[in-house]
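Here is the structure we will look at, set down as structure tokens.
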Amino acid sequence: MKRRPPLDDDNGFAQHGGYMSAKITKLEEQFNTIQSACRQKSKIFEGISIFVNGFTNPSGEELKRIMMEHGGTFHHYQRSHTKFVIASNLPDVKVRTNITRNIVKPEWISDSLKENKLLDYSKYLLYTNKNRAQPQISFKALNKNEYEVKKEEVDPFSLSLQALNDKIKDESIPEGKTGTAVDPNFLEEFLNNSRLHHIATLGSGFKFHINDLRKNHDGIFPEREILKSKLKQSEMKVESSEIVMHIDMDCFFVSVSLKKHPHLKGLPVAVTHSKGRNESEDFTSYSEIASCSYEARAKGLKNGMFVGAALKLCPELKTIPYDFDEYRKTAFILYDTIAKYTLDIEAVSCDELYADLMPLVEECKIEVMDFVTMLRQEIFDKTGCTCSVGVGYNRLQARMTTKEAKPNGQFSLLGMNVEEFMKDKKIRDLPGVGPNTAYQLTQLKIETCDQLQNLPLQTLQQTFGKKFGETLQMMSKGIDDKKLVFEQVRKSVSVEVNYGIRFNEDQEVHLFLKQVTEELSKRLKEISKKGKLLTLKLMIRAKDASKETAKFMGHGHVERISKSVQLLAATDDAIAIQTTVLKLLAAFNIPPYELRGIGVQMSKLDEEKKDNKLLEMFKKVAEKQQNAPIQERIEASPVKIRKISPVKKRGRPSKLSNADRSSNISVADMFSTKKNSRVSAKKTIEMIDPEVLAELPPEIVNEILEEYQMPEEVEEIPEIEEISEEKNDENIFLQSNWRQVTKSLIDNNESAEQIKNDAASLVRIKNIDLIYLVMRFLHRIIEECDDESLAWRENYNEIAESVQEEMQKIYKKKLSIPKKFI
DNA sequence: ATCCTCCCCTAC
DNA sequence: TAAGGTAGGGGAGGAT
Ligand SMILES: Nc1ccn([C@H]2C[C@H](O)[C@@H](COP(=O)(O)OP(=O)(O)OP(=O)(O)O)O2)c(=O)n1
Ligand SMILES: [Mg+2]
Ligand SMILES: [Mg+2]
């Protein structure tokens, strides 16, 4: 209902107002045609979706036709909602990453068709418990933790990768593959030239920078004295909790790049990789415009537009190259100039931030807009670039007024009728309203905020969902409850490449993925984080897309798929990540030549791995004041804060150099004498010196990690009442991923001792609901596996016995749990 | 009711 | 030629 087919538009020449015919994606169009073309003959397979893996009889094509004609659904790739995988045999590596309980022989389909009714698929399972002839696999292998590196398993990959590595070094790149991800230098080259990579990196860099400045700041802003003396004194009337300023550089890349091409000032200019037009009739470039000047915008140009399209609108357009290093330097000047006056800053991107000016104007007793005028002048003096500022009582108001102010202007909504101000704004100008939402709103005949204000909330929520519907209406009136977030915490890290992806061989894919995972590992290490949830994101050529894209080396029209795995322990290890990612990839079974994009993302990030305890401690201290204006923090607890940040930075904040970053460590250093910090048992892993770990071979590392998943007693003795709490933390069944951990213990045939103890302990802490679940779970998975399961059946009996024993002691009765095995 | 996975959308 | 990255918010639908 709320989800629309994605807007996907390969050639991108579709114009902005006429929200294209691409409401329905090409893919869906095709789907519809096919559906209607082949008249349905029966509904035998209604509600059944299949994916065909490998060679089958009937063939994949034939099975597809059967499904279509008889009410079923055919998936070209295995998806989460794919109900059955049809296969006659599967290579081991594929089996290991598939749930085998839904792998069914193709005969299921053909026999069902013959009988003209849906037969019981369980008789056609490719892998059953009785089916010992089949390679043993399934549950164990599936749930065996993915990151785990066992020599026997990994060798095939690592060997072939090594071989390929050497081979590629010696040999030239295959025919027609220069400039693709097959080239071993591609990733580096691509990242160096990708503007989107640069702005993303700068963006998170500045978020970090602000955190860093705030943590190392003493709460004194000497530069405010200058404001007090230079600007007219005036009293503020307080009628809001925030005075929000939004500041954004005007056509940032263009302004900066123009400094080296001054003769082009005043002309329509765009920053792009393309050299522009050589011939008079050359409107074909699919190079993207990162930023265009306001003269160019007057002709209808927009950031992100293709050069060819832009030239059609503005044939006299001049293009200038990127200057990434200069963007970085300029952005630092922007941030550091503002940081002299306040650190109540929410970083948005390299050319844009919000600041809460309330504490500043209250202290200095100055007019907000006087400060803004002075600030903009200072930024211009230092950078030679103009910026614009909007001011309002919330972030939305500030954001909207910046648009109004641009270029090179400022605008305040304070004391104005906000609802009135919003009325003539186009819905597309609301932050959060992109092409899709705008299209859906125009379908509702809504084009301005005025109309949006008057639309019944119910209608909006029907189309956009409860939450977003309400947000939309609030926004249309200029209301926005979201407070600024000064200290932002990263929740994920990813490396994605959706350009130049043209492979022929699996090994080429593997080799590229290796580089991608190494890059990911590098980035995790840079910010001292480890992650527990690993996601592989792929872009696959859409069925109807031509093999060659309109845009050179682009991805074209694609289908996006992703798959994630929970790791047993957080990791940043390149090998561990790579191994897991290769398995995820194998599970999709995509022919290499159909890939158009590859990304690897790590989320569920743990706390900082180094000085973990110290940082956690720091957070505890700073927790309450976390998002408070910097000055209030000091007032609330001057002693503590001084202790945390003895390193004073007066006057001009320094650039974010390596030296500066490492100075952050001094925060942690301060705690190095405090030993009584309480560490959650889960994090015991972090007690191993990371440097030591890094020296060890990855297999060993993972073994150690595995060990530490079941930590021994914590070395430091916490206060008495905390002991029991901590011990409970160690109970595997009290971990959120206890199912996974338990499976892994069983699959690896580890000792049942801990399971037994922890299960009994559950009874002691009277967590009966959980012990009930646990016992049922144990029974089920032990029943499902065979082989070693004899031992585990006995283990189960023992565990059950010990649980019942505790039950008797505490409750004087037995728990109704699955019966013992015989 | 709450969680998880696999998306989609938006922004710069 | 061209360098379509990356993070966060959130919804649908299934599992628990
Ligand atoms: N599709 C986009 C949008 C932005 N950027 C880069 C180039 C921009 O200069 C910079 C900042 O983005 P803004 O949205 O702030 O746009 P500009 O600064 O270029 O223009 P404006 O004056 O509207 O802020 O990010 C980009 O590469 N591709
Ligand atoms: Mg800008
Ligand atoms: Mg901006």
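In what follows, every chain begins at residue 1, and chains take the letters A, B, ... in the order their sequences are listed. None of the values given here were measured: they were computed from a predicted structure.
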**Prompt:** Within the pair A/S492 and C/dG8, is there a side-chain N or O less than 4.0 Å away from OP1 or OP2?
**Reply:** yes

**Request:** Take A/K551 and A/E288, measure what salt bridge (Lys or Arg N to Asp or Glu O under 4.0 Å) needs, and give me the verdict at the end.
**Result:** CA-CA 10 Å; A/K551 181 184 175 79; A/E288 274 176 50; 3.7 Å; yes

**Prompt:** Quick one: on DNA chain C, does A/V497 or A/K467 contact a more 5' nucleotide (nearest heavy atom)?
**Reply:** A/V497

**Prompt:** At under 4.0 Å between heavy atoms, what does A/T437 touch on the DNA or RNA strands: base, sugar-phosphate, or nothing?
**Reply:** sugar-phosphate

**Request:** Indicate whether OP1 or OP2 belonging to C/dA2 is found under 4.0 Å from a side-chain N or O atom of A/R195.
**Result:** no

**Message:** If you only use heavy atoms from C-beta on, which nucleotide in B/dC12, C/dA2, C/dA7 is closest to the side chain of A/Y499?
**Reply:** C/dA2

**Item:** C/dT1 OP1/OP2 closer than 4.0 Å to side-chain N/O of A/S274
**Value:** no

**Message:** So A/L538, base contact, sugar-phosphate only, or nothing? Heavy-atom distance under 4.0 Å.
**Reply:** nothing

**Request:** Give one of base, sugar-phosphate or nothing for A/H273, where a contact means two heavy atoms less than 4.0 Å apart.
**Result:** base

**Message:** Taking only side-chain N and O atoms of A/R399, does any of them lie within less than 4.0 angstrom of OP1 or OP2 on B/dC12?
**Reply:** yes

**Prompt:** C/dG9 C1' sits how many Å from A/F468 CZ, rounded?
**Reply:** 10 Å

**Message:** Closest approach to the side chain of A/E288, judged atom by atom: which nucleotide of C/dT6, B/dC12, C/dG4 is it?
**Reply:** C/dG4

**Complete:** The single option from A/N436, A/D429, A/L430 that satisfies side-chain contact (heavy atoms from CB on, under 4.5 Å) with A/V433 is A/L430

**Prompt:** To the nearest Å, how far apart are A/F186 CZ and C/dA2 P?
**Reply:** 14 Å

**Fill in**
Testing C/dA7, B/dT10, B/dT5 for proximity to the side chain of A/K604, the answer is B/dT5

**Message:** Does a side-chain N or O of A/R428 approach OP1 or OP2 of B/dA11 to a distance below 4.0 Å, or not?
**Reply:** yes

**Asked** Do any N or O atoms from the side chain of A/Y327 and from the backbone of A/F252 form a donor-acceptor pair under 3.5 angstrom?
**Response** no

**Prompt:** Which of the following nucleotides, B/dC8, C/dT6, C/dG9, is nearest to the side chain of A/E496?
**Reply:** C/dT6

**Complete:** Taking for A/T201 and for A/G179 the nucleotide of DNA chain C with the nearest heavy atom, the one nearer the 5' end belongs to A/G179

**Item:** Set of residues satisfying ring-ring contact (aromatic ring centres under 6.0 Å, His included) with respect to A/F190, sequence neighbours excluded
**Value:** A/F186, A/Y499

**Prompt:** Think A/R523 has a side-chain N or O under 4.0 angstrom from the OP1 or OP2 of C/dT6?
**Reply:** yes

**Request:** Can you tell me the distance, in whole Å, between the CD atom of A/Q462 and the C1' atom of C/dA12?
**Result:** 17 Å

**Item:** Closest listed nucleotide, where the reference is the side chain of A/I561 and the choices are C/dA3, B/dC7, C/dT6
**Value:** B/dC7

**Asked** Looking only at side-chain N and O atoms, does A/T535 come under 4.0 Å of OP1 or OP2 in B/dT5?
**Response** no

**Request:** Measure the OG-CZ distance between A/S293 and A/F253 for me, rounded to the nearest 0.5 Å.
**Result:** 15.0 Å

**Message:** The side chain of A/H197 is closest to which nucleotide in this list: B/dC4, C/dG5, B/dC12?
**Reply:** C/dG5

**Item:** Side-chain N or O of A/Q566 closer than 4.0 Å to phosphate OP1/OP2 of B/dT5
**Value:** yes

**Prompt:** Please give, in whole Å, the distance from B/dC12 C1' to A/I289 CD1?
**Reply:** 16 Å

**Asked** Within the structure shown, what part of the strands sits under 4.0 Å from A/R596 by heavy-atom distance: base, sugar-phosphate, or nothing?
**Response** nothing

**Prompt:** So, is A/S494 near the phosphate of C/dA7, with a side-chain N or O under 4.0 Å from OP1 or OP2?
**Reply:** yes

**Item:** Any A/N193 side-chain N or O less than 4.0 Å from OP1/OP2 of C/dA2
**Value:** no

**Request:** Report yes if a side-chain nitrogen or oxygen of A/R490 is closer than 4.0 Å to either non-bridging phosphate oxygen (OP1 or OP2) of C/dA7; otherwise report no.
**Result:** yes

**Fill in**
From CG of A/L524 across to C1' of C/dT6 the rounded distance in Å is 14 Å

**Message:** Nearest whole Å is fine: how far is C/dA3 C1' from A/K551 NZ?
**Reply:** 8 Å

**Asked** Aromatic rings A/F512 and A/F503: how do their planes relate, parallel, tilted or perpendicular, breaks at 30° and 60°?
**Response** tilted

**Asked** Which part of the nucleic acid, if any, lies within reach of A/S204 when heavy atoms closer than 4.0 Å are counted: base, sugar-phosphate only, or nothing?
**Response** nothing

**Asked** Taking only residues two or more places apart in sequence, or in another chain, which ones meet A/H197 in a ring-ring contact (aromatic ring centres under 6.0 Å, His included)?
**Response** none

**Request:** Using a cut-off of strictly less than 4.0 Å, decide whether A/K207 has a side-chain nitrogen or oxygen near OP1 or OP2 of C/dA7.
**Result:** no

**Separation of atom CD1 in A/I598 from atom C1' in C/dG5, rounded to whole Å** = 15 Å

**Nearest listed nucleotide, side chain of A/N436, among B/dC9, B/dC7, C/dA3** = B/dC9

**Prompt:** Which part of the nucleic acid, if any, lies within reach of A/D351 when heavy atoms closer than 4.0 Å are counted: base, sugar-phosphate only, or nothing?
**Reply:** sugar-phosphate

**Item:** Ion pair A/K177/A/D183, N-O distance below 4.0 Å
**Value:** no

**Request:** Under 4.0 Å between any heavy atoms, over every strand shown, what does A/G554 touch: base, sugar-phosphate, or nothing? Just pick one.
**Result:** base

**Prompt:** Taking CD from A/Q440 and P from C/dG11, how many angstroms apart are they, rounded to a whole number?
**Reply:** 13 Å

**Request:** Compare the minimum distances between each of C/dA3, C/dT6, C/dA2 and the side chain of A/E189, then state the nucleotide with the smallest one.
**Result:** C/dA3

